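All of these numbers come straight from a predicted model, not from anything done at the bench.
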Amino acid sequence: GAQYVKDSQVRAEWWTLWRRVAGGLSTEAQLRLLDDFAFNLQAEPGERARRPATLVDGSEDDMLRLGASLERIPAAYKAEIGDWMVGRIMAIAPAPKPDAKAAATYARYLWALARVGARAPLHGSAHEVAPPDAAGRWLAELMQLDWKRIEPAGFAAAHLARKTGDRTRDIDDAVRAQVLQRLAATGAPAGWSAQVRDVVELDQ
C-alpha cells in the first residue's frame, strides 16, 4: 500500500503507476488489481468503512483507466465489466445536448469500454479479448445513442467492431455493416471506419 493514503495526489500517482505497468504484469497480478478496481467502484458505504489498510482509494476516472489496462484478465471478466459499464452509460439521462458533467461521464466510460471490448489487444493475447457476443450486445446498446452529440460513442463502436480477420474475435458482419453506416452518417474520422471495414494493423 501507499504510506500517505489520505493525500489525493499520492492516491492518483499510485493508480497511475499500476496503470502504466499493467501491460507487463501476469494474469494473477492483474486479477489482484481487478479486486481493487471492483471495490473502489462498487463497494457499499458500509464496506468502505472496513477498507483494508493496503487498499488505496481510487477515483472513478483512475479506476476506469486501470480497468481498461487489464488485458490479461479472463474474457468472462471483461464481459461482466463491459456489461456494468454499458449499464452506467445508458443510465445517463438523455438530453438534447449533454451538459459538461454528462459529457465527461460519457467520455470516461466509452473510452474504457472501447479498451475492455477491443478486438485487437495492445499487449494481451488474442484469446483473452471480450467475447464477440458481448461486444455485439454492447454495440446494440450504443446504437441507441446519438453519435453526433456523443462523439465517444462512435469511437467505442469502432473499437468494438474492429475487423481482425479472426472469426473467433470478429463480430457479426451485419452488425459491422450497421456500425459503418452509422459512422459514415455522423461524419466520423475516416480512420475509425477503415479499421471496421478492413484489417488494419495496430501502429504506434
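For the pair L41 and E60, the minimum side-chain heavy-atom distance is below 4.5 Å. No side-chain heavy atom of P152 sits less than 4.5 Å from a side-chain heavy atom of R108. The shortest side-chain heavy-atom distance between I81 and L70 does not fall under the 4.5 Å cut-off. Looking at heavy atoms from C-beta onward, L142 lies in side-chain contact with L160 at the 4.5 angstrom threshold. Contact annotation: the side chain of R88 never approaches that of T105 to less than 4.5 Å [non-hydrogen atoms, C-beta and beyond]. By the 4.5 Å heavy-atom criterion applied to side chains, Q195 and H159 are counted as neighbours. Two residues are said to be in side-chain contact when any heavy atoms from C-beta on lie closer than 4.5 Å; L64 and M85 meet this criterion. In this structure, the side chains of S69 and L122 stay at 4.5 Å or more apart for every pair of heavy atoms.
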Should W15 and D36 be marked as a side chain to side chain contact (heavy atoms under 4.5 Å, CB included) after you check the CA-CA gap, both sets of side-chain angles, and the distance that decides it? CA-CA 10 Å; W15 292 116; D36 288 1; 3.6 Å; yes
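Hydrophobic side-chain contacts under 4.5 Å tie V199 to no other Ile, Leu, Val, Met, Phe, Trp or Tyr residue.
Put simply, L55 and L25 are part of two different groups of oily side chains (I, L, V, M, F, W, Y) that touch within less than 4.5 Å, one to the next. A single hydrophobic cluster is seen to contain both Y109 and I150, as judged by linkage of ILVMFWY side chains at heavy-atom distances under 4.5 Å, directly or through other members. Transitive grouping of hydrophobic side chains (ILVMFWY, heavy atoms separated by less than 4.5 Å) brings M143 and M90 into a common cluster. Both I92 and V86 belong to a common hydrophobic cluster when Ile, Leu, Val, Met, Phe, Trp and Tyr are linked at side-chain heavy-atom distances under 4.5 angstrom. Under the 4.5 Å side-chain heavy-atom criterion for Ile, Leu, Val, Met, Phe, Trp and Tyr, V200 and L183 are members of distinct hydrophobic clusters.
Side-chain polar atoms of Y77 and E128 form no donor-acceptor pair below 3.5 angstrom.
Dense packing is recorded around CH2 of W147, with more than 12 heavy atoms of other residues, nucleotides or ligands lying under 6.0 Å away. At most 12 non-hydrogen atoms from other residues, nucleotides or ligands lie less than 6.0 angstrom from CD of E201.
For the pair R65 and W18, the NZ or CZ position fails the cation-pi test of under 6.0 Å to the six-membered ring centre and within 45 degrees of the ring normal.
Looking at E71 and R115, a side-chain N of the basic residue comes within less than 4.0 Å of a carboxylate O on the acidic one, giving a salt bridge. Ion pair R176/D173 flagged as a salt bridge, since at least one NZ, NE, NH1 or NH2 atom sits closer than 4.0 Å to an Asp/Glu carboxylate oxygen. A salt bridge is defined here as a Lys NZ or Arg NE, NH1 or NH2 lying under 4.0 Å from an Asp or Glu carboxylate O, and D83 with R137 meets this definition.
Taken to the nearest 0.5 Å, the OG1 atom of T27 stands 11.5 Å off from the CG atom of L34. For the atom pair E151 CD and T186 OG1, the distance stands at 8.5 Å (nearest 0.5 Å).
Between A68 and W111, the shortest heavy-atom contact is CB-CZ3, 3.7 Å. Considering all non-hydrogen atoms of both residues, V10 and A2 come closest at CG1-CB, 3.9 Å.
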